Amino acid sequence: MSKQSYSTHHGMVDLLPGEIEQWQALEAIIRETARRYHFQEIRTPVMEQTELIARGVGQLTDIVSKEMFAFDRGEDRYVLRPEGTAPVARAFVQHHLAQRGGCQRLFYIGPFFRAERPQKGRQRQFHQFGAELIGASGAIADVEIIAFMLAVYRQVGISNITLKLNSVGDPASRNAFRKALHDYFLPLKDDLSEISRKRLDTNPMRILDSKEEEDQPLKAGAPKIIDYLTPESKAHFDAVITLLEKMHIPFERDPFLVRGLDYYTETAFELVSPDLGSQDALGGGGRYDLLIEEVGGQPTPAVGFACGIERLMIACEALGITLADPAGPDLYFVTRGEEAAQWALENMPALRGKGIVCTMDYSGRSLKAQMKDANRQGARFAVIVGEQELADNRFTLRNMAESDEVTVSPDELADRILP
RNA sequence: GAGCCCAUAGCUCAGUUGGUUAGAGCGCCAGGUUGUGGCCCUGGAGGCCGUGGGUUCAAAUCCCAUUGGGCUCCCCA
């Protein structure tokens, strides 16, 4: 009786015709770029075991501690995946992909879920594309991953982007650095922001991430991870830098860049854009040499990235980049009467079989209304099917753009329409 | 979790110091053209003015609450 109205959940949106074309075009670019870089697609379920995400991403991260859509069902604990790397690592281990030999080059496109407060460039269901190069420890792998990521943006036509680069070191580096940070910030504890004070003991590296006003002057004098890298980590970072320069890939060193997920080691990078507003990261990634082991596999080095598709779309819009427009049908059947409509229905499949995109009117409206609809839908041709035409087996084919008409037999239709 | 802003037709928005039947543009439907789109003209449909309460003779307009949305902090894609 009463009309209940429904809408999407907060932070989740519908993609409608007119907008979806841009997404499809972008996905095509991603797939084609992946093909050229020889990354193969992997699709994992949108739900994972909660424990996998908690362990893989890290209990203390914001993602795990407060942003997961999770529920229990009997003995099982489900979570809508908040990111893509831990699930891919899980799949790598579960299916013994290491046994396939060499290193695995995987990419993915899909939805992810975080229960955050939505704002520009941040949705609760959002979409990422990303890639993982698993089983390669050298700096070349890091640079390959970065090159792949940047190639997508180059193909799309987004050029005003900045690659920020840092190293978070290996465990030994991080322990030394963490201790140095703790020693540095401890005497300043009372001057730190509340959030940073909490992190002093749990994860002092995250203080460097802080955008709190009062933390900025304190951050300036803080120790830099670069000075605490072990010789091995330092060598790896230097090698990445050398290779990036060799590849003419511009980047900026950012000593404060600390990625928010626990599994990162060594190289960390982020791609930022001035066109996004407050959430300025298009994507980011880095090396995660400990994750595979953390989720139950053999120690396996790996490096990857993830990029936000919604944010890429925002950048496209800001830059006026249109990747695709809605495509109209090749042929629109304008019909008079039931017999004509059935004739159209019977004749469309053969044309479609030849690759011609056909549609028709289903409402039996006036010829004028049908022509208007054909125009609105962007049809290249309209064919008029009435009693006279059916009797003569000759039909009027109208070129909508040229506004000229020819009379054709049904057999001639396809040749007239195909380019 | 905190702050700021917004809510009138499908969309974008007007709506004077509270004052009759709430408007425009675009879109939609139809007619002008008994079988022809775009341009033009005419007409029509479509609103419990987000919801609930209050003030008032009178509320889209003022007050309170509530819901929804947007942006921002935190953090991330």
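Residue numbers begin at 1 in each chain, while the letters A, B, ... track the order of the sequences. Every value quoted in this text rests on a predicted model; they were computed, and no experiment measured them.
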[atom1]-based separation of [M] from [N] [nearest Å]:
{"N": "rC48(B)", "M": "rG23(B)", "atom1": "P", "answer": "15 Å"}
{"N": "rC49(B)", "M": "rA7(B)", "atom1": "P", "answer": "15 Å"}
{"N": "rC11(B)", "M": "rU34(B)", "atom1": "C1'", "answer": "36 Å"}
{"N": "rC4(B)", "M": "rC64(B)", "atom1": "P", "answer": "14 Å"}
{"N": "rG35(B)", "M": "rU42(B)", "atom1": "P", "answer": "25 Å"}
{"N": "rC41(B)", "M": "rG27(B)", "atom1": "P", "answer": "12 Å"}
{"N": "rC74(B)", "M": "rG3(B)", "atom1": "C1'", "answer": "12 Å"}
{"N": "rG15(B)", "M": "rU8(B)", "atom1": "P", "answer": "14 Å"}

Base rU36(B) paired with Gln370(A) side chain (donor-acceptor, <3.5 Å):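 Check fails, no donor-acceptor contact within cut-off.
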Side-chain donor/acceptor of Arg398(A) to base of rG37(B), under 3.5 Å: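 Such a pair is found, so the answer is yes.
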With a non-hydrogen cut-off below 4.0 angstrom, is [X] in contact with a base, only sugar-phosphate, or nothing?
{"X": "Ile63(A)", "result": "nothing"}
{"X": "Arg376(A)", "result": "sugar-phosphate"}
{"X": "Ala374(A)", "result": "nothing"}
{"X": "Glu116(A)", "result": "base"}

Nearest-nucleotide pick for [X], side chain only, options being [options]:
{"X": "Glu67(A)", "options": "rG37(B), rG35(B), rC75(B)", "result": "rC75(B)"}
{"X": "Glu389(A)", "options": "rC28(B), rG35(B), rG38(B)", "result": "rG35(B)"}
{"X": "Ser403(A)", "options": "rC29(B), rC74(B), rG37(B)", "result": "rG37(B)"}
{"X": "Ile384(A)", "options": "rC75(B), rG1(B), rU36(B)", "result": "rU36(B)"}
{"X": "Arg122(A)", "options": "rA77(B), rC71(B), rG35(B)", "result": "rA77(B)"}
{"X": "Thr396(A)", "options": "rC71(B), rG38(B), rG35(B)", "result": "rG35(B)"}
{"X": "Lys372(A)", "options": "rA77(B), rU72(B), rG37(B)", "result": "rG37(B)"}

Rounded distance in Å - CZ (Phe113(A)) to P (rC75(B)):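 Distance, rounded to whole Å: 24 Å.
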Whole-Å distance separating the CD atom of Glu402(A) from the C1' atom of rG37(B):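 To the nearest whole Å, that distance equals 14 Å.
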Would you say [N] has OP1 or OP2 under 4.0 Å from some side-chain N or O of [X]?
{"X": "Gln119(A)", "N": "rC71(B)", "answer": "no"}
{"X": "Arg311(A)", "N": "rA77(B)", "answer": "no"}
{"X": "Arg365(A)", "N": "rC29(B)", "answer": "yes"}
{"X": "His10(A)", "N": "rG70(B)", "answer": "yes"}

Test salt bridge (charged side-chain N to carboxylate O under 4.0 Å, His left out) applied to Lys120(A) and Glu310(A), step by step: CA-CA 9 Å; Lys120(A) 186 172 186 181; Glu310(A) 283 83 358; over 6 Å; no
Heavy atoms from other residues, nucleotides or ligands near CD of Gln377(A) exceed 12 (cutoff 6.0 Å):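 Check passes, neighbour count above 12.
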Polar side chain donor-acceptor pair, Asp373(A) to Tyr332(A), under 3.5 angstrom: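 Judged by distance alone, the side chains do pair up.
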Donor + acceptor pair across side chains of Gln342(A), Glu346(A) (<3.5 Å):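 Note: Gln342(A) and Glu346(A) side chains miss the donor-acceptor criterion.
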Criterion salt bridge (charged side-chain N to carboxylate O under 4.0 Å, His left out) on Glu48(A) and Arg90(A), from CA distance to verdict: CA-CA 9 Å; Glu48(A) 291 283 351; Arg90(A) 192 222 78 236; 2.5 Å; yes
Which residue lies more 5' along RNA chain B, comparing Arg336(A) with Lys120(A) via nearest heavy atoms: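 First, find each residue's nearest nucleotide; the 5'-ward one identifies Arg336(A).
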Electrostatic pair Arg287(A):Asp142(A) at N-O distance under 4.0 angstrom: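 Between Asp142(A) and Arg287(A) there is a salt bridge, with a charged N closer than 4.0 Å to a carboxylate O.
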Watson-Crick or G-U wobble mate for rG43(B), both contacts under 3.5 Å: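 Paired with rG43(B), as far as the under-3.5 Å criterion goes, is rC29(B).
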